[in-house]
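To keep things clear, I will list the structure first and then write my remarks on it.
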Amino acid sequence: MTADIIDGKAFAATVRAKVAEHVARLKAEHGITPGLAVILVGEDPASEVYVRNKGKQTVECGMNSYEHKLDPDTSEADLLALIDQLNNDPAVHGILCQLPLPKHLNEDLVINSIAPAKDVDGFHISNVGLLATGQKSMVPCTPLGCLMMLRDKHGSLSGMNAVVVGRSNIVGKPMAQLLLQDSCTVTIAHSRTKDIEALCRQADILVAAVGRPEMITGEWVKPGATIIDVGINRIPAPEKGEGKMKLVGDVDFDSAAAIAGAITPVPGGVGPMTIACLLANTVTACCRAASLPEPEGLTA
Ligand code: NDP
């Protein structure tokens, strides 16, 4: 294996430490404590774990965490009323509504009812438009985490060829916008892309956000490329025992790491950066609300 491993777990810890430092300064110098409100509708076990982790890490960084757990059959009107209340609560600087929502709720309507300045997920259409036009926005957490790791690895990304595999609104598209903003030459690939392997082989930076276990192999990789594997896939692991499962990315780690210059592992790569960037976005939102300077290195 030749590739350097990009340690997302360690990097996320440095991001959280920076957040905590900034929070302590906001409290000491301005008497402000950033607050993050997380709304969970229903009882999806995976979502419950995410929400618990978010709350725990929010508090560990010195911020206030407000959890709102709503019944699975909560009406749209009641959910929108809660969001309106949080939009108008000065103690709340960030609002996140855990997705997916139960089927009877209109996700677009709900997301777009969050005040853009408090939209720490960066999914509101105003933030999408601001990012696309190169203006100050709230940036989606997962792509922001990927960008931070790439900048840390390379310094300037200017002029690099980047291929993003996947065009979702939460990962692929904002990732491509961020790379373009950092002056990469960006191609977005998806399920209809022709000769995707040859395209990926031209990438200095290859971001995989597909949701297909180990789809991208070493043969797709340009020697020395940096690979960011966003995928989180749970697959059977008979080698660990009957019925056991394991997490893998969208990249076949062993074959890709033999060719790449650097690669994020799964788990321990992009995953831990996502919550760290949520905390970073909350501090950024708080500073903007108070017209204070934003923390350095925590935004795009
Ligand atoms: P989506 O399902 O929304 O999007 C997947 C994208 O992959 C689509 O654009 C689709 O193309 C494309 N795609 C599917 N099959 C192929 C193929 N055979 N060849 C090329 N492209 C293909 O997924 P998300 O963006 O939400 O998530 C992607 C992965 O990232 C998942 O594994 C998810 O679990 C993980 N994830 C990880 C996070 C983290 O914190 N680390 C956060 C968010 C997601 P098309 O549009 O043409 O259908």
Side-chain angles (χ1 to χ4, degrees), residues 5-13 15-16 38 44-47 49-54 57 96-101 107-108 111 120-123 128 131 138-150 162-179 186-203 206-217 219-221 227-235 245-253 256 263-281:
I5 307 298
I6 301 175
D7 185 345
K9 208 170 159 192
F11 200 103
V15 171
R16 286 197 303 273
V38 178
D44 177 59
S47 294
V49 173
Y50 287 137
V51 168
R52 213 172 25 248
N53 282 340
K54 284 169 187 173
Q57 294 189 28
L96 177 151
C97 191
Q98 185 68 42
L99 302 178
L101 288 171
E107 245 172 48
D108 287 340
I111 289 166
V120 280
D121 253 343
F123 296 159
V128 176
L131 177 62
M138 295 307 304
V139 177
C141 304
T142 301
L144 177 58
C146 298
L147 182 75
M148 283 182 186
M149 291 193 286
L150 285 166
V163 173
V164 179
V165 188
R167 56 174 164 179
S168 72
N169 289 336
I170 63 167
V171 189
K173 283 182 198 153
M175 185 75 250
Q177 294 289 359
L178 288 170
L179 291 165
V186 184
T187 308
I188 307 180
H190 46 77
S191 66
R192 309 295 170 90
T193 299
K194 290 190 178 128
D195 204 358
I196 193 168
E197 289 187 38
L199 185 71
C200 289
R201 264 197 301 276
Q202 292 173 18
L206 181 58
V207 181
V210 186
R212 296 197 180 268
E214 301 173 325
M215 181 182 89
I216 294 175
T217 64
E219 287 166 12
W220 298 39
V221 176
I227 303 178
I228 304 290
D229 189 356
V230 182
I232 300 178
N233 309 288
R234 194 173 289 278
I235 63 164
M245 304 291 280
K246 66 176 176 184
L247 288 185
V248 297
D250 292 338
V251 178
D252 175 42
F253 184 84
I263 185 167
T264 59
V266 177
V270 176
M273 286 297 287
T274 298
I275 297 186
C277 286
L278 173 68
L279 306 176
N281 275 350

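Count residues from 1 along the sequence. Just follow the structure's listing: the first ligand is 1, and inside any ligand the first atom is 1.
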Heteroatom distance test (R212, ligand 1): nitrogen or oxygen, under 3.5 angstrom: yes

If only atom types and distance count, is the side chain of R201 paired as donor or acceptor with the main-chain N or O of E219 below 3.5 Å? yes

among protein heavy atoms, the one nearest atom 34 (O) of ligand 1 is I232 O, 3.5 Å

So, regarding V270 and ligand 1 (criterion: nitrogen or oxygen to nitrogen or oxygen, under 3.5 Å), is there a contact or not? no

Testing the basics here: between L99 and S47, what is the closest heavy-atom pair and its distance to 0.1 Å? O-OG, 4.0 Å

With side chains defined as the heavy atoms from C-beta onward, is the minimum distance between L150 and I6 less than 4.5 Å? no

Output yes when a side-chain donor or acceptor of D250 lies under 3.5 Å from a complementary backbone atom of R212, and no otherwise. yes

Under 4.0 Å from one or more heavy atoms of N233, ligand 1 contributes atoms 32 (O)

Just jot down the ligand 1 atoms closer than 4.0 angstrom to any heavy atom of G166, in number order. 6 (C), 7 (O), 9 (O)

Tell me the protein heavy atom at minimum distance from atom 1 (P) of ligand 1, and give that distance in Å. S168 CB, 4.1 Å

Shortest non-hydrogen pair, V251 vs D229, comes out as N-OD2, 3.1 Å

Considering all heavy atoms, the nearest P272-A12 contact: O-CB, 3.5 Å

Taking all non-hydrogen atoms of both residues into account, name the closest pair between P140 and F123 and its distance. CB-CE2, 4.0 Å

Under 3.5 Å, which donor-acceptor pairs do the side chains of residues 273-281 form with other protein atoms, sequence neighbours left out?
residue	atom	partner	partner atom	Å
T274	OG1	T142	OG1	3.0
N281	ND2	V120	O	2.9
N281	ND2	V139	O	2.9

Below a 4.0 angstrom heavy-atom separation, can you tell me which part of T142, side chain or backbone, both or neither, approaches ligand 1? side chain

Under 4.0 Å from one or more heavy atoms of V171, ligand 1 contributes atoms 25 (O), 43 (C), 44 (C)

Restricting to side-chain hydrogen bond (donor to acceptor under 3.5 Å, both in side chains), what partner residues turn up for K9, sequence neighbours left out? none

How far is atom 2 (O) of ligand 1 from the closest protein heavy atom, and which atom is that? V210 O, 4.4 Å

So V128 and N169, do their side chains get closer than 4.5 Å, heavy atoms only? no

Mind checking whether T193 contacts ligand 1 via backbone (N, CA, C, O), side chain (CB onward), both or neither, at a 4.0 Å heavy-atom cut-off? neither

Shortest non-hydrogen contact from V248 to P213? CG2-CB, 3.8 Å

At what distance is the nearest protein heavy atom to atom 29 (C) of ligand 1, and which residue and atom is it? G211 N, 3.6 Å

Please could you name the atoms of ligand 1 that I196 approaches to less than 4.0 Å, counting only its heavy atoms? 20 (C)

Would you check whether R167 has a nitrogen or oxygen atom less than 3.5 angstrom from a nitrogen or oxygen atom of ligand 1? yes

Go through ligand 1 atom by atom and flag the ones less than 4.0 Å from a non-hydrogen atom of M215. 17 (C), 18 (N), 19 (N)

Hey, looking at atom 10 (C) of ligand 1, which of P267, S191, G269 has the closest heavy atom? S191

Does at least one non-hydrogen atom of A209 fall below 4.0 angstrom from an atom of ligand 1? yes

T274 and ligand 1 - part of the residue with a heavy-atom distance under 4.0 Å: side chain

Going by the order shown, which atoms of ligand 1 are within less than 4.0 Å of some heavy atom of I170? 26 (O)

Which ligand 1 atoms, with their elements, are less than 4.0 angstrom from a heavy-atom of G271? 41 (N)

From the list I263, I216, I228, side chain to side chain contact (heavy atoms under 4.5 Å, CB included) with L206 holds only for I216

Shortest heavy-atom approach to atom 35 (C) of ligand 1 - which of I275, V230, D250: V230

